[in-house]
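Structure first, commentary second.
Here is the naming used below: chain letters follow the sequence lines, and residue numbers restart at 1 for every chain.
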2 protein chains.
Amino acid sequence: MALNLARGLEPRSEGLVDALREAILTGRYAPGTRLVQEELAEAFGMSRIPLREALRRLEGEGLVVITPNRGAIVRPLAPKDIVDLYELRLALESLALRRAAERFADLRAATKQRHAQARQAIAARNLTALFRLDRDFHADIAAASDNAHLVAALGAQWSQIMRVMHAYFQAGDYPVDTWDDHEAIADAVAHGEAELAVERMSAHLTGSRDRILATLRESAAR
Amino acid sequence: MALNLARGLEPRSEGLVDALREAILTGRYAPGTRLVQEELAEAFGMSRIPLREALRRLEGEGLVVITPNRGAIVRPLAPKDIVDLYELRLALESLALRRAAERFADLRAATKQRHAQARQAIAARNLTALFRLDRDFHADIAAASDNAHLVAALGAQWSQIMRVMHAYFQAGDYPVDTWDDHEAIADAVAHGEAELAVERMSAHLTGSRDRILATLRESAAR
DNA sequence: CCGGTCTAGATTGTATACAATTTTACGGTG
DNA sequence: CACCGTAAAATTGTATACAATCTAGACCGG
């Protein structure tokens, strides 16, 4: 009975959903990629039954599109999707910021720490770490809203955006001033200045969105 | 060549997801209800394989909670969930209204027509029809926003609220002034007065939310 | 009576096998 | 060469069977 703890005790499909989601979010399965059941089942070392269940789960999350009798693909994302997603996201983040500012949530220390870690990650060209640090900031704000459904909605939105970024970004593309923006937003929240925080978030997201759109156009042109 | 529109030709799990979702949304399976696979498979006339896939799909949509080796239940909803959902919903509806007002979307005729149909439904004590008419108004606004992701987010939110209402409402509980509110909102949108529309929506939703919370408390007390 | 085993039944998890459908490859025809 | 039918291969859909796990109740010692 060696390492049965990691996998042996829980159903196969449990870890599988996370593994598949991770692979889709990190772009290992890029938008539009066909997900052939037997290949995946082989790759993850199980039969097609739990695999199919995992695909249905991800279909429900909006990460996968399943067409009857024709199989599953990673949900494609058009430029219009990016625009729509960011529009939606600003509304969600604004709500989160207002709720966080109401209770004077103080994320300044954590944000500052992430800023330092980000410098290291940039030096090391560690794109994955940068994404994670970025996500953590926004997740902290969402959590500070104390609204589980808002957290879920923001999480779903982040997943979609993340897929494009991982698919088309290089380490150099990551905007340097991200972390300054974050600190400015955390400051406003800590002082209870919700509308200032929202304004800063709006600028932050617009910049981020336009950079993604530009990168997407570049990739399409090549 | 041949049109494969026929229902009989598509996989069993397709119609199944819709049937199960419908049953959950209409409260036939109320929040907290255990969903035993063999029972359901029997009821829908198929084996557990497609049924399990449907449950996973609904899990991804947030309507069902699956615990490993212990089965699925209809996701429970606490009063706090209602509050959070309405807070989220107002943010989403506001965004939709602003986008709809930008393009002076004119929903007045459709809204007026639904008002008339609602009168009949009230007279006939047809609660299901009332819910559908209510949903159609909000779905129209969402559609007018021309943002597919916003539509999806609003749809998910509506599903959650709908479950509580179906579970605890009687026909008499449905607020009469709903349809006047809708017409007032449609008027503001048609005139491009976004902020007025938002203000009216806010009042509309607050009233709706408080009525649900009151009904919920009543049910709990009994 | 209380709290703790322990076993039988109920229920979930998944591999296998096969049916249904789509895709691909191919040879004939104009 | 393009255009079809058509059969083979690939792929998806699902029923069955069995293993793994949980649940409920009987039983027992305290």
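- In the model, A:Gln160 has no side-chain atom that pairs as donor or acceptor with a side-chain atom of A:Asp81 under 3.5 Å.
- Of the side-chain N and O atoms in A:Arg70, one or more sit less than 4.0 angstrom from OP1 or OP2 of C:dT23.
- Proximity of B:Arg52 to the phosphate of C:dG13: a side-chain N or O atom is located under 4.0 Å from OP1 or OP2.
- Classification of the B:Phe131-B:His166 ring pair by plane angle, with boundaries at 30° and 60°, yields tilted.
- Nearest to the side chain of A:Ser47, among C:dT14, D:dA15, C:dA17, sits C:dT14.
- A distance-only check finds no donor-acceptor pair linking the side chain of B:Ser208 to the backbone of B:His204 [under 3.5 Å].
- If you measure from atom CD1 of B:Ile49 to atom P of C:dG13, you get 11 Å, rounded to the nearest angstrom.
- For the segment residues 31-45 of chain B, residues with any heavy atom less than 4.0 angstrom from an atom of DNA chain C are, sorted by number, B:Arg34, B:Leu35, B:Val36, B:Gln37.
- Side-chain atoms of B:His138 and B:Glu93 form a donor-acceptor pair, as typed in the model, at a separation below 3.5 Å.
- Side-chain atoms of B:Tyr86 and B:Thr206 include no donor-acceptor pair closer than 3.5 Å.
- In this structure, the CG atom of B:Leu51 is 12 Å from the P atom of C:dG13, given to the nearest Å.
- As rounded to whole Å, 11 Å separates atom P of C:dT11 from atom CZ of B:Arg48.
- At least one donor-acceptor pair closer than 3.5 Å links the side chain of B:Asn147 to the backbone N or O of A:Asp84.
- When the P atom of C:dT23 is taken as reference, atom CD1 of A:Ile73 falls 13 Å away, rounded to whole Å.
- B:Glu53 places its CD atom 7 Å from the P atom of D:dG13, with the value rounded to the nearest Å.
- The interatomic distance linking A:Asn69 (CG) with C:dT21 (C1') rounds to 5 Å, in whole Å.
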